[in-house]
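In what follows, every chain begins at residue 1, and chains take the letters A, B, ... in the order their sequences are listed.
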Amino acid sequence: MDLNNLVPLPASFFDRPTLEVARDLLGRWLVHEHPSGVRLVGRIVETEAYRQDDPAFHGWRLVDPATGRVRPEGRAYDLFAPPGTAYVYLNYGMYWLLNVVTEPEGVGGAVLIRAVEPVAGLDFLKARRPKARRPHELTGGPGRLTVAFDIDGRYHRKPLTAPPLYFAAGEPVSDAEVATSPRIGLSRGTDRLWRFFVRANPYVSPGPRGERGRER
DNA sequence: TGTAGGATAGCCT
DNA sequence: GGCTATCCTACAA
């Protein structure tokens, strides 16, 4: 990959089954052309998939289980937006979480970006998170990476298929390097192995009780 | 190295 | 009024 010739992934990349997109996003680059002029690039090393047939999905109750019809109500309806749209929301009143909407428009799905490995803009990232000592404290964890990359609600519902915030091709990750586990921080849907991460990568978020990168 | 508790705000019941 | 796709600090061992 050439840092001087970054091409955004097109909407068609996200117009696929959510699990496929979550797996395929590993190794891709998250790029933020920051308003200050600094370009921030991170290699994605951890994702989670959320689907409309999933009790952990925000928009779960918007779908009528009998008819499959969707009620266009509330914030969660933005998860049914066109593929490649940003779904950014405030969690626990403090942290912005970055998702990219998947599946065709009208079908609910999104991938949560949980951790990246810095590729460019390291000084900027460190300045945003001055207390980070170990790698995963800098950009490992969905709340940490949005602080480091200065991503917040202003990107909600914006297309992630063009600057200033987008994904680039990066470098593929082989199946041998990929591990799965239950998603982190949920009370429902914990039986599904819909968290994808790069094995033994130091930037993968530790999760609760130091479960960093452990498969189950 | 590990666990416990608290901060904080929008959304839903 | 309860819950939440989190993180940080304090404190024990």
Side-chain angles (χ1 to χ4, degrees), chain A residues 14 18-19 21-23 25-26 30 42 44-65 70-81 85-103 108-116 118 125-157 160 179-197 202-214 216:
Chain A
F14 306 97
T18 304
L19 297 184
V21 176
R23 160 65 180 85
L25 273 174
L26 293 179
L30 173 67
I44 296 170
V45 294
E46 182 182 355
T47 61
E48 281 177 359
Y50 291 85
R51 293 202 320 212
Q52 70 173 45
D53 62 343
D54 165 15
F57 184 70
H58 284 170
W60 191 51
R61 283 182 308 279
L62 297 180
V63 182
D64 185 316
V70 180
R71 283 182 288 114
E73 297 170 5
R75 172 191 71 179
Y77 186 63
D78 294 330
L79 288 163
F80 298 79
T85 303
Y87 178 84
V88 184
Y89 80 100
L90 190 64
N91 188 47
Y92 294 103
M94 268 176 293
Y95 296 101
W96 294 100
L97 270 57
L98 172 65
N99 297 255
V100 56
V101 174
T102 55
E103 313 270 357
V111 174
L112 170 68
I113 310 302
R114 283 196 59 93
V116 304
L125 302 177
K126 285 181 172 173
R128 294 276 303 170
R129 293 196 40 79
K131 293 183 180 172
R133 293 284 174 263
R134 316 177 70 191
H136 78 262
E137 292 173 342
L138 187 63
T139 52
R144 295 189 183 113
L145 86 85
T146 55
V147 169
F149 274 68
D150 194 18
I151 295 167
D152 60 25
R154 70 185 184 272
Y155 287 113
H156 182 57
R157 295 176 53 175
L160 295 175
T180 62
S181 83
R183 294 166 294 178
I184 291 177
L186 305 186
S187 59
R188 295 174 302 232
T190 54
D191 56 320
R192 306 176 188 216
L193 304 180
W194 287 359
R195 171 173 174 251
F196 300 84
F197 58 96
Y203 290 90
V204 169
S205 71
R209 295 183 305 286
E211 295 176 342
R212 167 160 26 150
R214 193 170 74 189
R216 277 185 258 167

Contact check, side chains of [X] and [Y], non-hydrogen atoms, under 4.5 Å:
X	Y	answer
A/W194	A/D54	yes
A/V101	A/D78	no
A/Y87	A/R75	yes
A/L25	A/F196	no
A/E46	A/L145	no
A/R195	A/V204	yes

Taking NZ, NE, NH1 and NH2 as the nitrogens, is one of them in A/R144 or A/E137 under 4.0 Å from a carboxylate oxygen of the other? no
To the nearest angstrom, how far is [X] atom [atom1] from [N] atom [atom2]?
X	N	atom1	atom2	answer
A/I151	C/dT6	CD1	P	16 Å
A/W60	C/dC3	CH2	C1'	15 Å
A/H136	C/dC7	NE2	P	10 Å
A/I113	C/dT6	CD1	C1'	17 Å
A/N91	B/dT8	CG	P	15 Å
A/R183	C/dA5	CZ	P	10 Å
A/E46	C/dT6	CD	C1'	13 Å
A/W96	B/dT8	CH2	C1'	13 Å

Is it possible for you to check whether A/R183 lies under 6.0 Å from the centre of the six-membered ring of A/Y50, through NZ or CZ, and within 45° of that ring's axis?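 That pair qualifies as a cation-pi contact.
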Please compare A/L98 and A/R144 by the position of their nearest nucleotide in DNA chain C and report the one closer to 5'.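 First, find each residue's nearest nucleotide; the 5'-ward one identifies A/L98.
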Distance test, side-chain N/O of [X] to OP1/OP2 of [N], below 4.0 Å:
X	N	value
A/K131	C/dC7	no
A/R134	B/dT1	no
A/S187	C/dT4	yes

Between B/dG6 and C/dG2, how far is it from one P atom to the other, in whole Å? 16 Å
Both distances under 3.5 Å, Watson-Crick or G-U wobble: on that basis, could you give the dot-bracket string for DNA chain B, with [ ] for crossing pairs and | for other-strand partners? |||||||.||||.
If the plane angle is over 60° it's perpendicular, under 30° parallel, otherwise tilted; pick one for A/F80 and A/Y77.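 Correct class here is parallel.
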Looking at every strand, decide which applies to [X] at a 4.0 Å heavy-atom threshold: base, sugar-phosphate, or nothing.
X	value
A/G93	base
A/Y89	base
A/R129	sugar-phosphate

Check the pair A/R51 / A/L19 against side-chain contact (heavy atoms from CB on, under 4.5 Å), numbers first and verdict last. CA-CA 9 Å; A/R51 293 202 320 212; A/L19 297 184; 3.8 Å; yes
Compare the aromatic ring of A/Y95 with the six-membered base ring of C/dT6 and state whether they stack according to the 5.5 Å and 30° rule. no
With 3.5 Å as the limit, what N/O pairs link the protein to nucleotides 11-13 of chain B?
{"residue": "B/dT13", "atom": "OP1", "partner": "A/R61", "partner atom": "NE", "Å": "3.1"}

Measure from the side chain of A/M94, starting at C-beta and using heavy atoms only, and say which of B/dA7, C/dT4, C/dC7 lies closest. B/dA7
